[in-house]
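Report on one structure; see the data block that follows.
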Amino acid sequence: MDRNNEKPSCGRGARNAAKPAQKDPPASIGAEEDTHNLNLYASITLEAILEPTNLKEALKRVIANRGAPGVDGMEVGQLLDWIRSHPGQLTKAIKEGTYRPSPVKRASIPKEEPGKFRDLGIPTVIDRLVQQATAQVLDWTYDRDFSDRSFGFRRNMRAHHALRVITAEADQGYRWAVDMDLAKFFDTVNHSRLIRKLSLKIKDGRVISLIHKKLRSGVQIKGEIKPTEIGLMQGGPLSPLLANIYLDELDKELEKRGHRFARYADDLICICKSRRAAERTLASLTRFVQEKMLLKVNREKSHVAYISSPQTKFLGYGFYYSRTKREVRLTIHEKSKQKLKDTIRKLLSRSPKTSIESVKQLLAQKLRGWMNYFQLADAQRWTQGVDRWIRRRIRQLLWKTWKKVKTRIRALVKLGADPNQAYYWGCTRKGYWRISNSHILTTTLTTDFLKQRGWSWLGCFRG
DNA sequence: TAGGTTTTCAC
RNA sequence: GUUGUGAAAACCUA
């Protein structure tokens, strides 16, 4: 067992000790560990997965996600009713081995780069439930064996940790970055290899078979069902964990070679002291990944670059060297800045169906989340620059809508309205405008409703 | 302290 | 048409 391996120092080896109370493991696992002190992996059983509390937890999660339905069309809102009306049916089918996951529904969503799409497979809500239940059990035992330098999809790991580790080591002279991109990682995972890996630790054959069934459940594209011989469908609750299990071998190999690196899902950065060393490791890593891991390396997107070059992008950040402070610092990558501007522009440019106040509130909410993530970057230039840009946009918006309100009120006054009255109503093609001192609201109201509430009706006018 | 909602980010 | 995991923040209710 390689659990007690000496790991290359990365400054935070005592992660598990620092936060002991993460989340309680499923009851059966904890009990088994304490009373019998057996091998931890012996507690990955079908019974642990099907335990009522575990299933309940999984059910709550699936419903809370409010995800779209799979091929059978069942909504998450119907899941609870289905379980209630078919008591014990699902667990019985799983225990007897007659449970077969439905094929996943194919959906293509556009990626950042225009014209490129990311395929994802949406399982049925029921399949999501059983996957979630198994993921909860597997995660608890597998997570502790993962490398300290694997940061994606893991409990108590955040992107900020990875960035701190990399900047700290870049400061120690590792300034040449190997950026490795795995081409379509999820789609190229080798099934038999993954199953073999799982069998090393999971002794319950029924669990292995359950996962195997999930891997082989086909994909439905336009009503036609196609089998899946390779690849993990991204979209299942279990997929991220399986990805980490598959790539764990890569982490271990890099650790063995003593490299400074960080991996976030399929995004790998490895930093070296010289350009020659970086190029050498890129070549040897490519060989390792393609021959041993049976994955594809995207040669066009994998490259060696100096850490402060605009090419190196890690988790939305870029790096630069501050001459005055004499250290490597983080900055927000161009792509991320552009993305923020796009979302803000979209939010501000849509017609004022809601009040200005609520738009401002929405904006503040969005910005809070954004700033929170990019707080590691130098605030000096960028967050302030973006802040100024947004303020200017808000002022523009306010001015424009105020102008609209004023012209509308003037038009109404011409028609004989009292300008001191609180509310006026008008109507456009899109709906009714309620005009008060600072708000414009459209609502779909009927004239009867207006009469009922005693609001003044001033006839139609154009927007 | 515990339930819930929302937003953001990474992949 | 938008799945999934992980993380953070703000708020709400007892």
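Chain letters run A, B, ... following the sequence lines, proteins first, then strands; residues in each count from 1.
- Side chains of A:Gln234 and A:Arg118: a donor on one and an acceptor on the other come within 3.5 Å.
- Within the nucleic acid shown, A:Asn244 has no heavy atom closer than 4.0 Å to any nucleic acid atom.
- Between A:Lys60 and A:Asp266, the residue anchored closer to the 5' end of DNA chain B is A:Lys60, taking for each the nucleotide with the nearest heavy atom.
- Taking 4.0 angstrom as the limit, A:Lys335 places none of its side-chain polar atoms (N or O) nearer than this to OP1 or OP2 of B:dC9.
- For the pair A:Arg66 and A:Arg118, both in contact range of DNA chain B, the more 5′-proximal nearest nucleotide belongs to A:Arg66.
- Looking at heavy-atom distances under 4.0 Å, A:Gly236 makes contact with sugar-phosphate atoms alone, never a base.
- The CG-C1' distance, from A:Leu163 to B:dA10, rounds to 9 Å in whole Å.
- Proximity of A:Ser336 to the phosphate of B:dA10: a side-chain N or O atom is located under 4.0 Å from OP1 or OP2.
- Considering only side-chain N and O atoms, A:Arg158 lies nowhere under 4.0 angstrom from the phosphate OP1 or OP2 of B:dA10.
- Going from atom CD of A:Gln338 over to atom C1' of B:dC9 covers 17 Å, rounded to whole Å.
- Listed candidates were B:dA10, B:dC11, C:G1. Nearest to the side chain of A:Lys339 is B:dA10.
- The A:Lys313 side chain lies nearest to B:dC11 when the options are C:A7, B:dC11, C:A8.
- A:Gln131 has its CD atom 10 Å from the P atom of C:G4, to the nearest Å.
- Residue A:Phe186 contributes atom CZ, which lies 8 Å from atom C1' of C:G4 at whole-angstrom precision.
- Counting only heavy atoms from C-beta on, A:Gln132 has its side chain closest to C:U5 among B:dC11, C:U3, C:U5.
- Salt-bridge formation is not detected for the pair A:Lys252/A:Glu255: no Lys NZ or Arg NE/NH1/NH2 atom is positioned less than 4.0 Å from an Asp or Glu carboxylate oxygen.
- Rounded to an integer number of Å, the gap from A:Arg61 CZ to B:dG3 P is 14 Å.
- Following rounding to the nearest Å, A:His160 (NE2) and C:A8 (P) show an atom-to-atom distance of 10 Å.
- We find that CD of A:Gln375 is positioned 12 Å from C1' of B:dT8, with the value rounded to whole Å.
- Taking atom NZ of A:Lys56 as the reference point, atom P of B:dG3 lies 14 Å away to the nearest angstrom.
- Set against B:dC9, C:G4, B:dC11, the side chain of A:Pro237 has C:G4 as its closest nucleotide.
- The closest side-chain heavy-atom distance from A:Arg149 to A:Val165 is below 4.5 Å.
- Note on A:Lys111: nothing from the nucleic acid sits closer than 4.0 angstrom, heavy atoms only.
- A salt bridge is absent between A:Glu249 and A:Lys292; no separation between the charged side-chain nitrogens and carboxylate oxygens falls under 4.0 Å.
- Side-chain proximity of A:Ile122 to the nucleotides B:dC11, C:A7, C:U3 is greatest for C:U3.
- Residue-level contact check: A:Arg263 touches neither bases nor backbone, having no heavy atom under 4.0 Å from any strand.
- A sub-4.0 Å separation between OP1 or OP2 of B:dT7 and a side-chain N or O of A:Lys366 is absent.
- In the set B:dA10, C:G4, C:U2, C:G4 carries the atom at the smallest distance from any side-chain atom of A:Phe153.
- Between A:Ala107 and A:Tyr373, the residue whose closest nucleotide on RNA chain C is further toward the 5' end is A:Ala107.
- The C1' atoms of B:dT8 and C:G1 are separated by 23 Å, rounded to the nearest whole Å.
- In this structure, A:Leu315 reaches the sugar-phosphate backbone alone: every heavy-atom distance under 4.0 Å involves primed, P, OP1 or OP2 atoms, never a base.
- For A:Pro240, counting side-chain heavy atoms from C-beta on, the closest listed nucleotide (C:G4, C:U2, B:dC9) is C:G4.
- In this structure, a donor-acceptor pair under 3.5 Å is present between the side chains of A:Ser284 and A:Arg257.
- A:Ala159 comes within 4.0 angstrom of nothing in the nucleic acid, heavy atoms only.
- Dashed line: the shortest gap from a side-chain N or O of A:Arg368 to OP1 or OP2 of C:A9 is not under 4.0 Å.
- Under a 4.0 Å N-O distance rule, the pair A:Arg329/A:Asp378 qualifies as a salt bridge.
- Residue A:Asn65 places no side-chain N or O under 4.0 Å from the OP1 or OP2 atom of C:U2.
- A salt bridge (Lys or Arg N to Asp or Glu O under 4.0 Å) check over residues 219-244 of chain A, counting only residues at least two apart or in different chains, returns the pairs A:Arg216-A:Glu229.
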